[in-house]
Amino acid sequence: MVNDIKEIKKMIVQHGCHSGHLTSSLGVVELLYSLYTTINFNQKNFKNINDRDMVIISKEHCRLAQICTLSYLGYVDEKLLDGYMREDGKVGHDMYNIVGGEEIAAVDYASGSLGHGLNVGAGLAMAKPEHNIYVVCGDGEFQEGSMWEALLFIKQHNLKNLTVIIDRNYLQIDNYTKNILDTSSNIEKMVQDFGLSVLKCNGHNIDEIKKCLKEQTNEPKCIIADTIKGKGMEFMLEELGFAMFHHSMLSEKDIKRVYEAIVNE
Amino acid sequence: MSNNFDYISEYLEKILKQDDAVYLLIVDGLMSYLIRDNGRNLTDEERARIINVGISEQNAVGIASGLALRGKKPYLVMFASFMATRAAEQVKLDLCYNNANVKLIGINAGFGRIAVAGYSHCTVEDIALFNALPNLKIFCPSNERCEIEKVMEWAYLNEGPAYIRLNCPFIDSTGAKYDVKMEKLSKVENGQKTAIISTGICLELARKLSEGIKQISGNKPLIYSAHTIRPFDEQTICELIDQNVTIITLEEHAAGGLASIVSMVIAKYGKPVKFLPVFSETDQHNVVMYDLYNGWRKMLDIDHFYQKYVRLIYGSKSGFISKDVSINKKGAVEVALKIGKLTFFMKEERQKKKKGRLKYKYYLFGKRIL
């Protein structure tokens, strides 16, 4: 399992080191890996969207991690990632099976803009109560008002087949969330006050995440997964500065360092 | 015949009963109007498919898209103004980009009756905005029932996102019957030399304008209703250009709407044709403000409703719109209206009524039209 994570992370660095969102992606690998290996989503049913659970990536910055994880697990071809975030590439922020075709049938929804996925997830959950929907959101994303509209709706309609997963890394592009709009430190209480059952876990511990995913709750479930943005290369935050750490366009020298750090993690 | 809004309400109720994939989403404020007798005619299961999402337009579009992506057929009914601007990004991404089978029904589009509430409630930018989005079909039926019926039927039978722009409930159908073909311009009245193309309830104005033009030139103009804005019927426009017909467009919309679409066809076709686009320019938003200053109650009577259209013909430079209107001693204003090479005059009279309220009369080509 540890080896799987390492392989996926290597893949992420390979494809994302020249442009775009390396750090957001490195922070959620364990989360996405746990999700795709726990939920009702397998080789037999993944092409039939109406016959399986769905994973909505609401924080689109970790799209790279999603594609790498899916590719590692054999749901999409790694070739898709050639030219990621570049003009000749197929994948940027958003890609979706209707736009991208059969080859990305495993990718459920795309927006590229924050504050959309949870609302759509609520609709999906309402449409088919027998299947589960998992929405991966960022903590900074909760600065969008539409997220709270969605939470209200989820509670009101008791959408227990929907799981909100908050990837809490305390960071947004420009700074720590606490220095801009603090939707991180108190998010547990905030979401609880909206009427959801909140579970907490270490977002890098697969067993903990899986336990949370399986746990039954009285109210619709929200899992707060504490993560480290850019896990494995977090030491570069100070060197690169907040924005460059997020966008992570690295020099050849830095790419080598990051790669080594991840291999030796 | 029932009111158009009642018709929509009955229609939605009907498909809610006949198809268990149909969901009806509302963003508060319309439930009691749209669902008759609190849904007493519906079963519990049918009622469960009516969702008042609450005062959260962005959420509503997201929820509808989610339902559609799981094979449901959601209808989202709300004021057009909030759909077009408040939830624009959700429409762009959740709905259009994901090609979700959601039918958006914007009511009180244009100036609508709700215009009494002010500029915030007017929708004169939706066509321009939505026309730029992928996959979305745009319909703007007139007040005539034959068009509304056809559009609603089409929306139910066809997959993919669609926006239906309705101006109801204010003007009702006259019961006129003409051939309505989807994705084509409907020929409402036959004529020659001049063609008036209207969209939405401007059809009423088109008829009035047609009478005036007939009186002054002796030729009865053609009247078309553009109920399908996208995809637009370019072929009919090309035929009109070939016949060297003067084209007048009427709409309750700012630049980027019907007039812009028709101009593009004319430009693309590369032949000169007389063209008079009539739409609401930016400063014509004052139309609403003006009426507000004069008391919003006035807006509720039909005269005031029509005034807005008449002002659209005046053009923005008439001075009538601002509060400092200079009116001659007899209380009349004359405004030039140019159509092609012809110049017509329009006259407005203000008479003071007994209780101190102003009464307006409108003359076009010497004939009182309003």
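Residue numbering restarts at 1 for every chain, and letters A, B, ... go by the order of the sequence lines.
Side-chain polar atoms of B:Asn101 and B:Lys103 form a donor-acceptor pair below 3.5 angstrom. Inspection of the A:Glu144 and B:Gln58 side chains reveals no N or O donor paired with an N or O acceptor under 3.5 Å. In this model, no donor atom of one side chain and acceptor atom of the other lie less than 3.5 Å apart for A:His21 and A:Glu60.
Among B:Lys92, B:Arg49, B:Gln90, the residue with the largest count of heavy-atom pairs under 4.5 Å with chain A is B:Gln90. The candidate from A:His157, A:His116, A:Gln156 with the greatest count of non-hydrogen atom pairs under 4.5 Å with chain B is A:His116.
Looking at A:Ile133, only its side chain comes within 4.5 Å of chain B, counting heavy atoms on both sides. Residue B:Val61: no heavy atom, backbone or side chain, is found under 4.5 Å from chain A. Contacts of B:Leu25 with chain A are absent, with no heavy-atom separation under 4.5 Å from either backbone or side chain.
The residues A:Lys79 and A:Glu103 are annotated as not salt-bridged, no charged nitrogen and carboxylate oxygen being separated by less than 4.0 angstrom.
In this structure, B:Phe79 and B:Phe82 have perpendicular ring planes: the angle between them is above 60°, well past the 30° mark.
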